[in-house]
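Accompanying notes for the structure given below.
Everything quoted here is computed from the prediction, not taken from an experiment.
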Amino acid sequence: MKIVIVGGAAGGATAAARLRRLNEQAQIIVFERTNYISYANCGLPYFIGGIIEDPDDLTLQTPESFYARFRVQMKVLHEVTALHPQRKTVTVKNLTTGNVFEESYDKLILSPGAKPVQPQLPGMDADRVFTLRTVEDTLRIREYVDTHRPRTAVLAGGGYIGVELAENLRDLGMDVTIIQRPGQLLTPFDGDMAALIHSKMRAHGVKLALGHTVEGFKAAENGVKVLLKDAAPLHADMVVLAVGVTPDTRLAKEAGLALGMKGAILVNDRMETSQPDIYAAGDAVQVKHFVTGEDTLLPLAGPANKQGRIIADNICGGDSRYLGSQGSSVLKIFDLTAACTGINETHAKRLGIAADSVILSPMSHAGYYPGGKVMTMKVVFEKETFRLLGAQIVGYDGVDKRIDVLAAVLHAGMKASDLKELDLCYAPPYSSAKDPVNMAGFMIDNIENGVLRQWHLGDKLPENAALLDTRTAGEFSRGHIDGFINIPVDDLRERLHELDPAKPVYVICQSGLRSYIACRILMGNGFDAYNFSGGYRFYAAVMQDRTLIQSAAPCGMDQ
């Protein structure tokens, strides 16, 4: 059996290695148009920033090492220019010699990946305007940085690559501005959780131009002008476009393969395309979202590797299925960690799902053990069924392990209230006896059983509502919401007479715990009480972020 693979990055390299492990006799040929195979896209910003010093560390394998281990022919600088499904061949161009030839196959795997979105804007060909997707892109940017020592950089796009690159350029001492058309960075996060990320970026000197659109570029003395819609242009020594990626599917389209959203290759759950004996994997394919069942594109390394393995299994006689992507991801933002899985509340409501959420701020480990740090968790669930929909966490230590637990629970199809049942590890340096994941489950269980009723930022409160802040007098004096009266939770039982039992009471504290206790006191005494989800700390962070975005200077750069 002869198998040809187009693309030697995550999906293609994984498929090749798995094929060899399952079939020692198969002839396996991989054509890769760049000079690198099995390279770590996610590490590219860290090479530019000097965290990864050796460019060889970006490639997990070389053609030589791959052949030595797996006897797979890795032909780099070979571009597949056409597919011929009827005669089961591909046309290949050797980019070094210019020679063009046809290669036959019994099975064909397409893993061409995605290409950077490059909007047709004036000035795109300027020398100081870069894109970041491949190792070659990275080396080009690194060479420019080392040679010209730029002092200012504008990043068009506030997704994962844009945020990571901003950190690395800041650490090199550059003045960095991110321009993002949506009103927030990192749209997999809800806007309220993104506010915590914005705060960290600003604290490290990154300027944010949120809600602004790039209209083009113009060469300027010692730099480039970034032209913005309805705002003054920005001057920078360099610009990097990181406005997202789109499936690289020209070959599939020209060969008549069925395509889906944004031109992505349509595959079934066995990763088979519409043409017999042709499979596809990675950033170029359309998949089902594991949570919603909707068609989606999720260009992440984890799914691409799984899909490559599934293809290899099926080619070798197995019956492996891809169940869908749920978008689990984690991101370093200076000393902060942000992670998410599933869908956020904004996405759920856009789909017409009646969603609710709990927001809590637990410590990373036992409070009495030194070094614990607060994290903010938002767990999203369906109101009527309490089906877990997704989660987001922003914090420091322990964020990644909590999101992985939540991702596993989501994949297992457990209810959100089932989080309380998980038997998770505990020792003071690592967690608390009631782990943050358990705490989220306790809160959702309380909602399910009517023990807890919530109100959220943005809710319209009844005109006759009583507004109660249960923090200490000192906390209240340092900042509070207008209209709230202050009765510390420990004084509440003795001061119930100050509240009208005929009015609903909307309660807040710093994190949500004391106000929950206050709600139980109130409800136990006949009051109709609602607890604010997230607490005043969360409220203040979100409101400050909104103020900064709305009051940004005409150029769109907040400080």
Side-chain angles (χ1 to χ4, degrees), residues 1-34 37-38 61 63 66-67 69-76 78-94 100-114 247-260 263-287 303-323:
M1 179 167 54
K2 182 177 180 182
I3 303 147
V4 168
I5 302 174
V6 180
T14 296
R18 177 70 170 172
L19 283 164
R20 176 58 72 221
R21 289 193 293 269
L22 296 179
N23 187 326
E24 186 65 19
Q25 281 70 48
Q27 181 183 2
I28 307 168
I29 304 173
V30 179
F31 293 113
E32 168 57 46
R33 63 188 167 197
T34 73
I37 63 159
S38 193
Q61 294 276 1
F66 210 95
Y67 183 81
R69 177 68 53 86
F70 298 109
R71 294 300 187 270
V72 169
Q73 299 178 61
M74 285 282 185
K75 295 184 175 292
V76 297
H78 281 69
E79 182 177 9
V80 174
T81 59
L83 313 179
H84 311 291
Q86 302 308 315
R87 60 178 185 264
K88 300 185 78 168
T89 65
V90 298
T91 300
V92 186
K93 181 178 182 180
N94 184 324
V100 177
F101 60 94
E102 282 200 7
E103 190 77 49
S104 64
Y105 65 82
D106 296 310
K107 305 288 183 180
L108 175 65
I109 302 173
L110 302 178
S111 185
D248 190 358
T249 56
R250 177 187 63 81
L251 292 175
K253 180 179 180 181
E254 292 177 354
L257 274 64
L259 304 179
I265 301 171
L266 285 180
V267 293
N268 59 19
D269 60 358
R270 287 171 50 85
M271 308 309 297
E272 296 168 325
T273 71
S274 60
Q275 290 283 353
D277 298 320
I278 301 181
Y279 299 77
D283 297 353
V285 304
Q286 176 179 298
V287 296
N305 279 277
K306 294 182 184 72
Q307 291 159 12
R309 178 186 174 91
I310 287 168
I311 291 171
D313 288 351
N314 292 329
I315 287 176
C316 294
D319 187 25
S320 292
R321 308 276 174 163
Y322 187 67
L323 301 180

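A heavy-atom distance below 4.5 Å is not found between the side chains of M74 and Y67. Two residues are said to be in side-chain contact when any heavy atoms from C-beta on lie closer than 4.5 Å; H84 and E102 meet this criterion. A 4.5 Å side-chain heavy-atom check between I28 and R71 finds every atom pair outside the cut-off. Under the 4.5 Å side-chain criterion, counting only non-hydrogen atoms from C-beta, E103 is in contact with F31. A heavy-atom distance below 4.5 Å is found between the side chains of Y279 and I315. The shortest distance between side-chain heavy atoms of Y322 and P303 falls below 4.5 Å. The side-chain heavy atoms of L108 and L83, taken from C-beta on, include a pair separated by under 4.5 Å. By the 4.5 Å heavy-atom criterion applied to side chains, K75 and I29 are counted as neighbours.
For E32 (side chain) and G8 (main-chain N/O), a donor-acceptor pair under 3.5 Å exists by modelled atom type. Here the side chain of S111 pairs a donor or acceptor atom with the backbone of G12 at under 3.5 angstrom. Counting only distance, with no hydrogens or angles, the side chain of N314 and the backbone of S320 share a donor-acceptor pair below 3.5 Å. Looking at T89, its side chain never comes within 3.5 Å of a backbone N or O of S104 through a donor-acceptor pair.
Contact check on K2 versus D106 returns no salt bridge, with no Lys/Arg side-chain nitrogen under 4.0 Å from an Asp/Glu carboxylate oxygen. Using a cut-off of 4.0 Å between Lys/Arg side-chain N and Asp/Glu carboxylate O, R321 and D319 are scored as salt-bridged.
Between atom CD of residue Q307 and atom CG of residue N305 there is a gap of 9.0 Å, rounded to the nearest 0.5 Å. Remark: L22 CG to C316 SG distance equals 4.5 Å, nearest 0.5 Å. Separation of atoms CE (M1) and OH (Y105) is listed at 14.0 Å; rounding is to 0.5 Å. From E272, atom CD reaches atom CG of D277 across 9.0 Å, with rounding to the nearest 0.5 Å. Once rounded to the nearest 0.5 Å, the distance linking CD of E254 with OG1 of T249 reads 10.0 Å. Expressed to the nearest 0.5 Å, how far OG1 of T34 lies from CD of E79 amounts to 10.5 Å.
Residues satisfying the side-chain hydrogen bond (donor to acceptor under 3.5 Å, both in side chains) criterion with R18, sequence neighbours excluded, are D313. Scanning for side-chain contact (heavy atoms from CB on, under 4.5 Å) contacts around T273 gives L257, I265, V267, Q275, I278, A280, with sequence neighbours left out. Among residues two or more places apart in sequence or in another chain, the side-chain hydrogen bond (donor to acceptor under 3.5 Å, both in side chains) test is passed with R20 by none.
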Checklist entry - Going through the distances and angles, do Q73 and Q27 end up as a side chain to side chain contact (heavy atoms under 4.5 Å, CB included)? => result CA-CA 8 Å; Q73 299 178 61; Q27 181 183 2; 3.8 Å; yes
Next on the checklist: Let's go through L266 and L259 carefully: what are the C-alpha distance in whole Å and the side-chain angles of both, what is the deciding distance for side chain to side chain contact (heavy atoms under 4.5 Å, CB included) to 0.1 Å, and is it a yes or a no?
Outcome noted: CA-CA 5 Å; L266 285 180; L259 304 179; 5.6 Å; no
Checklist entry - Going through the distances and angles, do I109 and V4 end up as a side chain to side chain contact (heavy atoms under 4.5 Å, CB included)? => result CA-CA 6 Å; I109 302 173; V4 168; over 6 Å; no
